[in-house]
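Everything on this sheet refers to the single structure shown next.
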Amino acid sequence: MNWKDMLNKRELKEGDTTVTHNECKDIERKILAEVKKEGGALGMKNLKGIAPPKKLKMVLADMKERGTISEHTHGDFYTDKPK
């Protein structure tokens, strides 16, 4: 198994919910597209239709951990730190 295969096997698991690597990539792509559409920041209400709530929260937590997005103290998500 090479490193690309290992990356494709990565999953997010929490209890009985699993997000496969491909699902995670798709949800992340949709989140980032929505952030861009909204001008760089958005709230959870903008993300409701992207994925089931538990999977969405798991992917958002992973994105925050990796530094892809940040969460404002009021709950909005953004991609660039304010100056």
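None of Glu38, Lys45, Met44 except one satisfies the side-chain contact (heavy atoms from CB on, under 4.5 Å) rule with Leu42; the exception is Glu38.
Nearest heavy atoms, Glu14 versus Met58: N-CE, 3.6 Å. Summarising the geometry of Lys55 relative to Thr18, their closest heavy-atom pair is CE-O, 3.5 Å, with the distance given to 0.1 Å. Gly43 approaches Asp76 most closely through the heavy-atom pair CA-OD1, 3.7 Å. In plain terms, the two heavy atoms of Ile27 and Ala51 that are nearest each other are CD1-CB, 3.6 Å. Residues Cys24 and Val19 approach most closely at N-CG1, 3.6 Å, considering heavy atoms. The shortest heavy-atom contact between Glu71 and Tyr78 is C-CE2, 3.9 Å.
Rounded to the nearest 0.5 angstrom, Glu65 CD and Leu12 CG are separated by 9.0 Å. For the atom pair OG1 (Thr20) and CG (Asp26), the distance works out to 9.0 Å, reported to the nearest 0.5 Å.
Put simply, the side chain of Asp16 reaches to within 4.5 Å of the side chain of Lys54, judged on heavy atoms. Counting heavy atoms from C-beta outward, Leu47 and Leu60 have side chains that approach closer than 4.5 Å. Using a 4.5 Å cut-off on side-chain heavy atoms (C-beta onward), Ile69 and Leu32 make contact.
Under a 4.0 Å N-O distance rule, the pair Glu28/Lys25 does not qualify as a salt bridge.
At most 12 heavy atoms of other shown residues, nucleotides or ligands fall within 6.0 angstrom of atom NZ in Lys36.
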